[in-house]
Amino acid sequence: MPKFQTLVDIYRDAIKTYQDSPLFGTKRDGVWTWMTYGEFGRKTDGLRAGLTALGLARGDRVAMISNNRYEWAAAAYACFGLGIAFIPMYEAQLQKDWEFIVQDSEAKALIVATDAIHQKTRELLDIAPNLKHIISLDPATKTSDTVRSFQEVMDTEAAVPAITPEPKDVACILYTSGTTGNPKGVILSHGNIASNVSAIHECFRVAKGDRSLSFLPWAHAFGQTVELHALFSMGASLAIAESVDKILDNLLEAKPTLLFSVPRIFNKIYAAVQSQVSEKPGFVQSMVKSALTTRKKQRRGEKVSFGEGLMLAVVDNLVFSKVRARFGGHLKFAFSGGAAISTEVAEFIDGLGITVYEGYGLTETSPIAAANWPNNRRIGSVGKALPGVTLRISDVGEVLVSGPNVMIGYHNRPEENRAVFTEDGAFRTGDIGWMNDQGFLFITGRLKEQYKLENGRFVVPTPLEEQLKLSPYVANIMMYGDNRPFNVALVVANVEAVKSWAAKNNLSGNVEELLHHAKVHELFKNELAHYGENFKGFEGVKDFALVAEDFTVDNGMLTPSLKVKRRKVFETYKAVIEGLYTKREIESAAHGRAC
């Protein structure tokens, strides 16, 4: 039987067991302050009573627009303890998405982080038939009969004990941002999420003194289940990052032992360290390379000579320890999810002395379906099926998942529910993969993202793009070649890296001028060739265009979970992408005439 049946089981156990331990750390006015498990429990209990006083009860739905903060967790656990479905959203989300989610989910109350969000959503009280209350965390918000202060609601004097929900009861509806169309609500039960947390307990042992720096949004399944619920259930603490651009500063200050991240962050760490090492003398670079090779041998259980061990010790003391110090000096484990991490990057982070565990899953699987864990780890794979979960590969190479973690279904999407489940109830992930004879799963791409070239060859772009992004000059990239003779790419330049390179090579001009300079174009041509040297012939990028503006949530080209909205990028840069093919056609025609 799983350790936990519901999220209320997790809440009760954690508050009772770790009463005086630090839970949430928040930095205000330059100082980190910590809330204990007991304090969090009292605030959550108060909020549960306050929501009851507003008339909210079992079966209702409460939505929230907020970044990570203790109030987010209190709202979630207060709802769980009332049998209310919790519907989190991102502050960075588009207003039209907030409005759609509030109406589609039939939320009865909406909790907002700021008065600015309140101002944008207050009209929903008139147009969303089920919405009765807005609760604002911002003291600047003017209250009324329908707009309440979070503090006021939380300070309700009445006591309302948490109920014991059924495992099948709805805990959350998580709206996946999707790359096209309206967000899609994934209905997750208490049993879905609790089974995932229970399985994590079987695989990983996190100590009471362990700590993470929390910057992955809890509105996403990875951050919510794997970091918030799992660490809460184990007595660990979470320092809440001020913002993404403050991550490095916060790592130094909070000194976490655990890091939960998506590959994008690990890629930046890799690029930064590689850039620093490349500026060292040749003998230092050789020592680092040798030390990384030794780490790899150790990981594989191979014998290491005295000389290799000595070299590793020297490099670890002179180089690797300083890198770890940038992360606070206490980091032991890094957990990567959300997308495939490059094997090269994973081995590099691992080589620094930070053990990397990669996992795999989707919101629909609560989210973990497979993971690497101690004594069951193979870099390059996404690990083995989590305890209680069954994985299999379909005839077309699609990964299918069965188990207690698989969602109830999509909210208000009966046709999609029929399409996404097999006849025997397995969930169709949409991911292409294979398993070796030891049960390790390898993901090779997304079915819906693969495209066919004019010659009939299929290209799965995402892993190729991840490899090309290892170049320190490439901030982002999107490949394209659907029904075309070859692949082209839209490359987002790492502007600062290009400026630095230009200065060293006596090139001048603004960013736009530099990106159109022939020598810069040649630099990127060589970079794409180098990092794509192991691609199959038809997978290579034949031509590319350079742009300075990155894909972001704000410009609509990234989802809040940092996945590229390929259709949006193509629509935005259609003329540029089409121009690459036109240019090649003209060059080919000119070459033909010359012959």
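Everything quoted here is computed from the prediction, not taken from an experiment. If you read the sequence from its start, that first residue is 1, and numbering goes on from there.
- The environment of Arg378 atom CZ is sparse: at most 12 non-hydrogen atoms of other residues, nucleotides or ligands sit within 6.0 angstrom.
- Legend: residues meeting side chain to side chain contact (heavy atoms under 4.5 Å, CB included) with Glu71, ordered by chain and number and at least two apart, are Arg69, Leu137, Phe150.
- A donor-acceptor pair shorter than 3.5 Å cannot be found between the side chains of His411 and Ser105.
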Phe86 and Ile84: CA distance, side-chain angles, deciding distance, side-chain contact (heavy atoms from CB on, under 4.5 Å) verdict: CA-CA 6 Å; Phe86 186 63; Ile84 292 172; over 6 Å; no
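- Between Phe204 and Phe335, the ring center distance clears the sub-6.0 Å criterion.
- Atom CD of Glu302 sits in a crowded spot, with more than 12 heavy atoms from other residues, nucleotides or ligands closer than 6.0 Å.
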TODO: Give the intermediate values and the outcome of salt bridge (Lys or Arg N to Asp or Glu O under 4.0 Å) for residues Arg295 and Asp350.
DONE: CA-CA 8 Å; Arg295 283 266 200 231; Asp350 207 71; over 6 Å; no
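- The local environment of NZ in Lys297 is crowded, with over 12 non-hydrogen atoms from other residues, nucleotides or ligands closer than 6.0 Å.
- Residues Phe215 and Asn68 are not in side-chain contact: their nearest non-hydrogen atoms beyond the backbone lie 4.5 Å or more apart.
- A donor-acceptor contact under 3.5 angstrom links the side chains of Tyr410 and Glu364, judged on distance only.
- Remark: Ser136 engages Val112, Asp138, Thr141 in a side chain to side chain contact (heavy atoms under 4.5 Å, CB included) (not counting sequence neighbours).
- For the ring-ring contact (aromatic ring centres under 6.0 Å, His included) test, residues two or more places apart in sequence or in another chain that qualify with Trp434 are Phe442.
- Checked against ring-ring contact (aromatic ring centres under 6.0 Å, His included), His220 has no partners two or more places apart in sequence or in another chain.
- For Lys208, there are no salt bridge (Lys or Arg N to Asp or Glu O under 4.0 Å) partners, not counting sequence neighbours.
- Between Phe80 and Tyr77, the angle of the ring planes goes over 60°, which puts this pair in the perpendicular group of the 30/60° scheme.
- Residue pairs meeting the ring-ring contact (aromatic ring centres under 6.0 Å, His included) criterion with at least one member in residues 363-384: none, sequence neighbours excluded.
- With sequence neighbours left out, Asp104 forms a salt bridge (Lys or Arg N to Asp or Glu O under 4.0 Å) with no residue at all.
- We find the NZ-CD distance between Lys27 and Glu253 to be 3.5 Å, quoted to the nearest 0.5 Å.
- Applying the ring-ring contact (aromatic ring centres under 6.0 Å, His included) rule to pairs touching residues 233-254 yields nothing, sequence neighbours excluded.
- The number of heavy-atom neighbours closer than 6.0 Å to CZ of Arg205, taken from other residues, nucleotides and ligands shown, is above 12.
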Stepwise, does the salt bridge (Lys or Arg N to Asp or Glu O under 4.0 Å) test hold for Lys3 with Asp9? CA-CA 9 Å; Lys3 182 177 176 66; Asp9 293 341; over 6 Å; no
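- Annotation: the span from Leu259 atom CG to Leu331 atom CG amounts to 5.5 Å, rounded to 0.5 Å.
- The distance between the ring centers of Phe4 and His190 does not fall below 6.0 angstrom.
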Can you give the donor-acceptor pairs under 3.5 Å from side chains of residues 383-394 to other protein atoms, not counting sequence neighbours?
{"from": "Lys384", "atom 1": "NZ", "to": "Asn376", "atom 2": "OD1", "distance (Å)": "2.9"}
{"from": "Arg392", "atom 1": "NH1", "to": "Asp424", "atom 2": "OD2", "distance (Å)": "3.4"}
{"from": "Arg392", "atom 1": "NH2", "to": "Asp424", "atom 2": "OD1", "distance (Å)": "3.3"}
{"from": "Arg392", "atom 1": "NH2", "to": "Asp424", "atom 2": "OD2", "distance (Å)": "2.9"}
{"from": "Ser394", "atom 1": "OG", "to": "Val396", "atom 2": "N", "distance (Å)": "3.3"}
{"from": "Ser394", "atom 1": "OG", "to": "Glu398", "atom 2": "N", "distance (Å)": "3.0"}

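- Using the six-membered ring where Trp is involved, Tyr37 and Tyr18 have ring planes that are tilted, between 30° and 60° apart.
- In summary, the side chains of Thr36 and Arg42 do not present any donor paired with an acceptor at a separation below 3.5 Å, with no hydrogens or angles considered.
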Listed pairs under 3.5 Å, donor-acceptor, residues 355-362 side chains, sequence neighbours left out:
{"from": "Glu358", "atom 1": "OE2", "to": "Ile341", "atom 2": "N", "distance (Å)": "3.1"}
{"from": "Tyr360", "atom 1": "OH", "to": "Thr429", "atom 2": "OG1", "distance (Å)": "3.4"}
{"from": "Tyr360", "atom 1": "OH", "to": "Asp431", "atom 2": "OD2", "distance (Å)": "2.7"}

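- Listed for the Lys255 side chain is no donor-acceptor partner under 3.5 Å among the backbone atoms of Leu251.
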Side-chain polar contacts of residues 44-56 - donor-acceptor pairs under 3.5 angstrom, sequence neighbours left out - could you list them?
{"from": "Thr44", "atom 1": "OG1", "to": "Phe40", "atom 2": "O", "distance (Å)": "2.9"}
{"from": "Asp45", "atom 1": "OD1", "to": "Tyr11", "atom 2": "OH", "distance (Å)": "2.9"}
{"from": "Asp45", "atom 1": "OD1", "to": "Arg48", "atom 2": "NH1", "distance (Å)": "3.4"}
{"from": "Asp45", "atom 1": "OD1", "to": "Arg48", "atom 2": "NH2", "distance (Å)": "2.6"}
{"from": "Arg48", "atom 1": "NH1", "to": "Val160", "atom 2": "O", "distance (Å)": "2.7"}
{"from": "Thr52", "atom 1": "OG1", "to": "Arg48", "atom 2": "O", "distance (Å)": "2.9"}

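- The distance from atom CZ of Phe266 to atom OG of Ser342, rounded to the nearest 0.5 Å, is 12.5 Å.
- Partners of Tyr70 under the ring-ring contact (aromatic ring centres under 6.0 Å, His included) rule, at least two apart in sequence or in another chain, do not exist in this structure.
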